[in-house]
Amino acid sequence: MGIVKISDELHEELRNTSHVMSRSINAQAEFWIKIGKLAEHNPNKNFAELIQAELHKQVHSETDVND
């Protein structure tokens with residue numbers, strides 16, 4: 001695990017959003033990082049499509065484990 005330096009403004013946005021989304025600040029930052037990475041790797045998909053693809057992948061990985 002490492003330390004990531006971010007601006008005070010972004011940290012405040014993380015704090016506010018994490019409260020609304022009922023996540024820790026770290027969990028919110030990880031979510032934003034993951035979505036950003038997915039968006040860069042899938043430029044033709046919108047946010048909803050990225051989430052649907054991740055849900056689909058999760059469901060199928062759980063199904064494979066249970067088989």
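Just so you know, these numbers use all the heavy atoms, side chains as well, and skip hydrogens, waters and symmetry mates.
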Would you tabulate the side-chain donor-acceptor contacts of residues 20-31 under 3.5 Å, counting partners in other chains and residues two or more places apart, or write 'none'?
{"residue": "Arg23", "atom": "NH1", "partner": "Gln28", "partner atom": "OE1", "Å": "3.0"}
{"residue": "Ser24", "atom": "OG", "partner": "Ala27", "partner atom": "N", "Å": "2.9"}

Report all side-chain donor-acceptor pairs from residues 8-16 shorter than 3.5 Å, counting only partners two or more places apart or in another chain.
{"residue": "Glu12", "atom": "OE1", "partner": "Arg15", "partner atom": "NH1", "Å": "3.2"}
{"residue": "Asn16", "atom": "ND2", "partner": "Glu12", "partner atom": "O", "Å": "3.3"}

Please report, to 0.1 Å, the donor-acceptor pairs under 3.5 Å made by any side chain of residues 47-60, with sequence neighbours excluded.
{"residue": "Glu49", "atom": "OE1", "partner": "Asn46", "partner atom": "N", "Å": "2.8"}
{"residue": "Glu54", "atom": "OE1", "partner": "Lys34", "partner atom": "NZ", "Å": "3.4"}
{"residue": "Glu54", "atom": "OE2", "partner": "Lys57", "partner atom": "NZ", "Å": "3.2"}
{"residue": "His56", "atom": "ND1", "partner": "His60", "partner atom": "NE2", "Å": "3.3"}
{"residue": "His56", "atom": "NE2", "partner": "His60", "partner atom": "NE2", "Å": "3.1"}
{"residue": "Gln58", "atom": "NE2", "partner": "Glu62", "partner atom": "OE2", "Å": "2.8"}

